[in-house]
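For clarity, every value in this text was computed on a predicted model and none was experimentally measured. What you see below is based on every heavy atom in this structure, not just the backbone, and it leaves out hydrogens, waters and symmetry mates.
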Amino acid sequence: MTLLDGKRLLITGVLTRESIAHATAERALDLGAEVVLTSFGRAMRMTARAARTLSAEIDILELDVHDDEHHRALARELDARWGAVDGVLHAIAFGNADAYSGSFVDTDEDAAMQAFRTTAWSYNALARTVAPLMARAPRGASLVGLDFDGAAAWAGYNWLAVAKASLRSINTYLCAELGPHGVRCNLVASGPLRTVSGSVLPLLEKAADSWGGQAPVGWDPDDAGVVADAICLLMSDYSRGITGELIHVDGGLRAVGGHVPEDWRRQPTDLAALTDPRTPA
């Protein structure tokens, strides 16, 4: 029996093979899950192209997170198909250039609100749609969203960062309200990856180049699989006691104040020379 054997998972946000959502779908299939993707509009073609590289033929359901009829249709389709949903990945974020470039203070209100609606509010909207189906999962269900480190202000992230901060707050409220129905709600904060979304944000491009040399266990900006593994763990029964959390999958960079000191790298601790604590002095 594999980690996600028989789990019924809805995964949003698959656009290219490099995306976290695609890596999650790929890993989930390998671990025994049934998977359905969502997309809409012109992105449907990109999603279909990426889906063809997966190990199984996957259906793609239409979902514009701002369209109430799409939400109703999605709920009806999932109810007819499965009757219950065990896990959902929210991998949806957007902001136009006004939301993340230029002056933070002088950002156009409409741009800031668009970033909030698509990046944060859509998490609640998706939860509202799938929660009744997730409540039917016999061993509890898992809602997972994607975040980025919000511990500091990142130049060039601006109102997308504010939207992500809202996402974290929404997650805590969903945790409290949906928990009694057996639904766990967690976020995964990934280190920078070379994805479609990352390519439009200069700060992520720059961070991707230097992150691996600073993170304690290293970081490969071309490997979304390490984030997918954490998401799959949260989708599994092994996470049945975890909810309301923000889990960092970033090589440990956040834990060391932004970088590993050069002297640690030049003279790493000789572990073999350490005294075995089990051996009397």
Side-chain angles (χ1 to χ4, degrees), residues 4 7-14 20-21 24-25 28 33-40 61-94 113-148 150 160 162-190 230-237 239-247:
L4 297 177
K7 295 291 188 185
R8 298 152 294 188
L9 307 184
L10 178 71
I11 296 179
T12 70
V14 172
I20 293 172
T24 302
E34 296 180 63
V35 173
V36 166
L37 308 180
T38 73
S39 189
F40 80 101
L61 307 181
E62 188 172 30
L63 176 64
D64 175 350
V65 289
H66 302 312
D67 189 320
D68 289 341
E69 182 50 43
H70 283 199
H71 281 277
R72 288 188 287 267
L74 177 67
R76 290 193 297 266
E77 170 62 28
L78 294 176
D79 189 15
R81 177 186 296 258
W82 288 332
V85 174
D86 299 291
V88 176
L89 174 64
H90 176 276
I92 300 169
F94 178 77
M113 292 302 102
Q114 181 188 44
F116 168 78
R117 287 186 68 227
T118 305
T119 303
W121 170 254
S122 65
Y123 187 57
N124 181 74
L126 184 60
R128 181 172 55 196
T129 297
V130 298
L133 294 163
M134 298 179 83
R136 299 178 193 166
R139 296 177 64 83
S142 178
L143 174 64
V144 179
L146 299 181
D147 195 10
F148 185 67
L160 287 180
V162 174
K164 288 294 189 180
S166 299
L167 179 71
R168 292 189 285 277
S169 183
I170 289 169
N171 187 66
T172 61
Y173 279 91
L174 290 177
C175 160
E177 191 160 325
L178 300 183
H181 300 281
V183 180
R184 309 184 302 277
C185 304
N186 294 288
L187 300 177
V188 172
S190 168
I231 294 169
C232 287
L233 177 64
L234 290 173
M235 295 287 190
S236 78
D237 293 340
S239 72
R240 62 188 180 275
I242 303 172
T243 190
E245 290 295 324
L246 171 62
I247 297 174

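Two residues are said to be in side-chain contact when any heavy atoms from C-beta on lie closer than 4.5 Å; C232 and L4 meet this criterion. Within the 4.5 Å cutoff, side-chain heavy atoms of I231 are placed close to those of L146. Between T12 and V65, every side-chain heavy-atom pair lies at or beyond the 4.5 Å cut-off. Taking 4.5 Å as the limit, some side-chain heavy atom of M235 sits within range of a side-chain heavy atom of L89.
Taken to the nearest 0.5 Å, the CG atom of L178 stands 8.0 Å off from the CE atom of M134. We find the CG-OG1 distance between D64 and T118 to be 8.5 Å, quoted to the nearest 0.5 Å. In this structure, I11 CD1 and I20 CD1 are separated by 12.0 Å, a value rounded to the nearest 0.5 Å. Here E34 contributes atom CD and R8 contributes atom CZ; the two are 7.5 Å apart, rounded to the nearest 0.5 Å.
Not counting sequence neighbours, the partners of T129 by the side-chain hydrogen bond (donor to acceptor under 3.5 Å, both in side chains) test are H71. With sequence neighbours excluded, the residues satisfying side chain to side chain contact (heavy atoms under 4.5 Å, CB included) with A137 are D86, A141. Residues meeting the side-chain hydrogen bond (donor to acceptor under 3.5 Å, both in side chains) test with S236, sequence neighbours left out: none. For V36, the side chain to side chain contact (heavy atoms under 4.5 Å, CB included) partners at least two apart in sequence or on another chain are L10, L61, R81, W82.
Screening residues 132-143 for salt bridge (charged side-chain N to carboxylate O under 4.0 Å, His left out) gives D79-R136, R139-D237 as the qualifying pairs, with residues at least two apart or on separate chains. Sorted by first then second residue, the side-chain hydrogen bond (donor to acceptor under 3.5 Å, both in side chains) pairs that include residues 169-178, not counting sequence neighbours, are Y123-N171.
Between R240 and R184, the shortest heavy-atom contact is O-CD, 3.6 Å. Nearest heavy-atom pair, C185 versus T243, reported as atom, atom and distance to 0.1 Å: N-OG1, 2.9 Å. Nearest heavy-atom pair across L9 and A33 is CD1-CB, 3.8 Å. Across L234 and S239, no two heavy atoms sit closer than the pair O-OG, 2.6 Å. Considering every non-hydrogen atom in both A120 and I170, the closest pair reads O-CD1, 3.4 Å. When all heavy atoms are compared, the tightest approach of R168 to F148 is NH1-O, 3.6 Å.
Under the side chain to side chain contact (heavy atoms under 4.5 Å, CB included) rule, V88 has a single partner from V130, V144, L133, which is V130. In summary, of the residues considered (H90, H66, R117), a side chain to side chain donor-acceptor pair (under 3.5 Å) with S122 occurs for H90 alone.
Using modelled atom types, one side-chain atom of T119 and one backbone atom of F94 make a donor-acceptor pair closer than 3.5 Å. Panel note: side chain D147, backbone V188; no donor-acceptor pair is recorded below 3.5 Å.
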